[in-house]
Amino acid sequence: MATPLSDTPLSPLKTIAVVGLGTMGTGITEVLAKAGREVIGIDVAEAQTARALAALESAAARAVERGRLTEEDRVGLLARVRLSTDLRAAADADLVIEVVPESYEVKHQIFRELDGIVRPETILATGTNALSVTRLAADSARPERVLGLHFFNPAPAMKLVEVVSSVLTAPAAVAAVTDLAIELGKEPVAVGDRPGFVADGLLFGYLNQAAAMYEAKYASREDIDAAMRLGCGLPMGPLALLDLIGIDTARTVLDAMYAESRDRLHAPAPILKQLSEAGLTGRKSGRGFYTYEAPGSAAVVPDPLTPAAGGAGAEGRPVRSVGVAGSGTMASGIAEVFAKAGYEVVLAARSEEKAQTAKARIGKSLSRSVDKGRMTAEAAAETLDRITPAGSYDAFADVDLAVEAVAEDLEVKRQLFAALDKVCKPGAVLATTTSSLPVVACARATSRPQDVIGMHFFNPAPAMKLVEVVRTVLTADDVHATVREVCGRIRKHAVDCGDRAGFIVNALLFPYLNNAIKMVQEHYATLDDIDAAMKLGGGYPMGPFELLDVVGLDVSLAIEKVLHREFRDPGLAPAPLLEHLVAAGCLGRKTGRGFREYARR
């Protein structure tokens, strides 16, 4: 009979077996050996153990070349690794980490065999990110010793490790593995047992939505990926990331998430099934959403879906002068962008005083650029001279392009477009910067809906490279071409999308933020752990709660409501916790309190 866990002191985790020597298993082996652990690498395929050894030798040699290891360290690292094709080699391990394919049958078989091989006190860890740790533990002879240890790929570089407890896991086992992760130089996050855990639980819902957006032909793969890189600062776009992860892997994770949540946002987009079953699983097969130079290559090559260089289509209208309507941060930022690009700009507000204040804000911004060496004092002065403040929209009589950046209120925008319709000359392009309202509703407030288009800039406009160009069903081809040409002149990256709530960025970003709030609401993980998981595991520049507090909880709630109203998906309903915080006046940094508290300035 096994000794009860409470009576058995845990052995120091000095000898560790890694079962499964694919990319992840080999990476974990490298991390452990670098940290001075004795590692037993096990894989049933002899060819795979040979590949793992070659990869370890290559990684150690590169580390020596880069001065990260001495030659003595390299020799010692490789000496600490023993490779085998026999699971019985794990008999002396203090910890076994399995990273075999995501299959209950395969993992169950390994755990059953390990029960008859390892010592009673040995901890058994699964590297799954999609399957139930509890289900795997329940079939083990020692369920209290089973937990999840989820590394991220590539394991040597990624800092995050999710330590996953089931209801059966002993706290001492969790503590021992958490201490090990810290000793490995990782940042462990404690989570409960549910598919995807924190990082993948949030990430894969977002990836699934992106795949569905592409499948619906709402935007091209290139524009979806560029929008999320440039609009959110992400290291990779979602479709390129799906190709890297493996489309078949993503489908497995989403199937497991949907089986538990029954949330339609987790139901795998049909295109994931179609690509998987066709063997188009991403980089590893040489083709997925994109086509690659060869299987395993990261180099994308042109295919029939690649946009033609330079594009084609209608010729744009000439634009020499631009009107910007509004006096807030976004309006002044957009005016600065156009003036820097050499356009004559009329900055109109509801009063001359507000327009002058907005111009003064631009002057301060330009002065900061001079101080930082980004432009000369002469260039800053010339830029400011191109901006003419006005207290009436009548000043837009001669502009070729009018861009509104007023309050995100449909009635306010409709009234403004009705005014622009009367003031602006025939042929002028009328653009709205709305992030969530229907562009066509603004267009219908005019007698020339064919001249109306969306130009969604991101804040701060001078720094952010992305502009979402939003065509309605009524927008003329030459108006679309005009705005694309103008985006090129102001050195912004334009992405095309249709006129529906959230466009690309907000339609993908805010459901992810909402799901993060639900995790906290359900007491699954803390704010700090979720933020850390997404920064360390997903490469996000900010965690979801940091970002929510910066954007403003009231703004976030308004966008969530618009998305829910448009798509009518229950999974998009705003999290009650978000509604409660907004009702309490906790709106984020601007009020000093949101999900966190901030020092008053």
Side-chain angles (χ1 to χ4, degrees), residues 198-214 216 218-219 221 223-242 263 265-266 269 330 408 433-437 454 456-461 463-468 470 493 495 497-498 500-520 527 530-531 533-535 537-567 569 571-575 578 582 588-589 594-595:
V198 171
D200 286 351
L202 293 176
L203 178 65
F204 278 89
Y206 149 71
L207 297 177
N208 192 41
Q209 291 299 100
M213 181 180 279
Y214 172 70
Y218 175 67
R221 61 191 180 183
D223 280 353
I224 292 171
D225 280 352
M228 298 313 291
R229 283 189 292 104
L230 299 173
C232 295
L234 299 180
M236 293 183 77
L239 302 180
L241 183 54
L242 278 164
D263 185 335
L265 297 178
H266 299 151
M330 182 59 85
E408 191 75 344
T433 60
T434 183
S435 63
S436 58
L437 301 174
H456 179 213
F457 287 79
F458 287 74
N459 205 17
M464 298 294 280
K465 293 293 184 187
L466 182 69
V467 174
E468 290 177 318
V470 187
H493 186 108
V495 296
C497 52
R500 72 179 200 189
F503 311 136
I504 297 174
V505 174
N506 286 348
L508 295 178
L509 174 64
F510 280 88
Y512 149 77
L513 295 174
N514 200 43
N515 284 336
I517 299 169
K518 290 176 184 176
M519 279 190 175
V520 168
L527 302 178
I530 293 172
D531 276 355
M534 297 316 296
K535 288 191 288 185
Y540 283 59
M542 299 177 80
F545 297 100
E546 290 176 275
L547 183 56
L548 281 158
D549 279 353
V550 168
V551 170
L553 273 58
D554 52 339
V555 174
S556 302
L557 178 59
I559 293 171
E560 290 288 358
K561 285 181 174 177
V562 168
L563 292 172
H564 186 221
R565 188 162 58 244
E566 171 123 341
F567 297 108
D569 189 322
L572 294 174
L578 178 61
V582 171
R589 288 191 181 180
F595 283 98

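Only a predicted model underlies this, so the values are computations on that prediction, with no experimental measurement involved.
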According to side-chain hydrogen bond (donor to acceptor under 3.5 Å, both in side chains), who are the partners of Asn514, at least two apart in sequence or on a separate chain?
none
Nearest-0.5 Å distance, CG of residue Leu207 to CG of residue Leu508
9.5 Å
What residue among Val495, Val505, Asn506 forms side-chain contact (heavy atoms from CB on, under 4.5 Å) with His456?
Asn506
For the student: nearest non-hydrogen atoms of Gly571 and Asp263, plus distance
CA-OD1, 3.7 Å
Under 4.5 Å between any side-chain heavy atoms of Arg500 and Phe567, yes or no?
yes
Indicate yes or no for a side-chain donor-acceptor contact from Asp225 to the backbone of Met236 under 3.5 Å, with no hydrogens or angles considered.
no
Residues passing the side chain to side chain contact (heavy atoms under 4.5 Å, CB included) test with Ala199, sequence neighbours excluded, are Phe152, Leu160, Glu162, Ala533, Met534
Residues two or more places apart in sequence or in another chain: which of them pass salt bridge (Lys or Arg N to Asp or Glu O under 4.0 Å) with Asp569?
Arg264
Test side chain to side chain contact (heavy atoms under 4.5 Å, CB included) applied to Arg221 - qualifying residues, sequence neighbours left out
Tyr214, Leu239, Tyr290, Asp303, Leu305, Thr306
Salt bridge (Lys or Arg N to Asp or Glu O under 4.0 Å) partners of Asp223, counting only residues at least two apart
none
For Thr434, what residues pass the side chain to side chain contact (heavy atoms under 4.5 Å, CB included) criterion, not counting sequence neighbours?
Glu408, Lys413, Thr432, Leu437, Val439, Phe503
Of all the heavy-atom pairs spanning Ala210 and Ile224, show the shortest one and how long it is.
O-CD1, 4.1 Å
For Asn208 and Leu265, indicate whether the former's side chain and the latter's backbone hold a donor-acceptor pair under 3.5 Å.
yes
List the steps, then state whether side-chain contact (heavy atoms from CB on, under 4.5 Å) holds for Leu203 with Leu241.
CA-CA 10 Å; Leu203 178 65; Leu241 183 54; 4.0 Å; yes
Looking only at heavy atoms, what is the nearest atom pair of Ile530 and Ala516, with distance?
CD1-O, 3.9 Å
Pairing residues for Tyr218 by the ring-ring contact (aromatic ring centres under 6.0 Å, His included) criterion, not counting sequence neighbours
none
Nearest 0.5 Å, what's the CZ-CG distance between Phe510 and Asn515?
13.0 Å
Can you see which heavy atom on Met330 is nearest to which on Ala461, and at what distance?
SD-CB, 4.2 Å
Working note: Leu578 + Leu513, criterion side-chain contact (heavy atoms from CB on, under 4.5 Å); need CA distance, chi angles, decisive distance, verdict.
CA-CA 10 Å; Leu578 178 61; Leu513 295 174; over 6 Å; no
Set of side chain to side chain contact (heavy atoms under 4.5 Å, CB included) partners for Met464, sequence neighbours left out
Phe458, Pro460
Might you point out which heavy atoms bring Cys497 and Glu468 nearest each other, and give the distance in Å?
SG-CB, 4.2 Å
Which donor-acceptor pairs under 3.5 Å do side chains of residues 550-565 form with protein atoms, sequence neighbours excluded?
unit_1: Asp554; atom_1: OD1; unit_2: Lys590; atom_2: NZ; d: 2.8
unit_1: Asp554; atom_1: OD2; unit_2: Lys590; atom_2: NZ; d: 3.1
unit_1: Ser556; atom_1: OG; unit_2: Gly552; atom_2: O; d: 2.9

Only counting residues at least two apart or in another chain, list the ones meeting salt bridge (Lys or Arg N to Asp or Glu O under 4.0 Å) with Lys518.
none
Any chance you could lay out the side-chain contact (heavy atoms from CB on, under 4.5 Å) test for Leu202 and Tyr540, step after step, and finish with the verdict?
CA-CA 12 Å; Leu202 293 176; Tyr540 283 59; over 6 Å; no
ring-ring contact (aromatic ring centres under 6.0 Å, His included) partners for Phe595, two or more places apart:
Phe545
Taking all atoms of both residues into account, what is the closest heavy-atom pair of Ala211 and Ala269, and its distance?
CB-CB, 4.2 Å
To the nearest 0.5 angstrom, please state how far the CG atom of Leu547 sits from the SG atom of Cys232.
7.5 Å
Output all residues satisfying salt bridge (Lys or Arg N to Asp or Glu O under 4.0 Å) with Asp531, sequence neighbours left out; order by chain, then residue number.
Arg596
Within-4.5 Å side-chain heavy-atom neighbours: Lys465 and Arg229
no
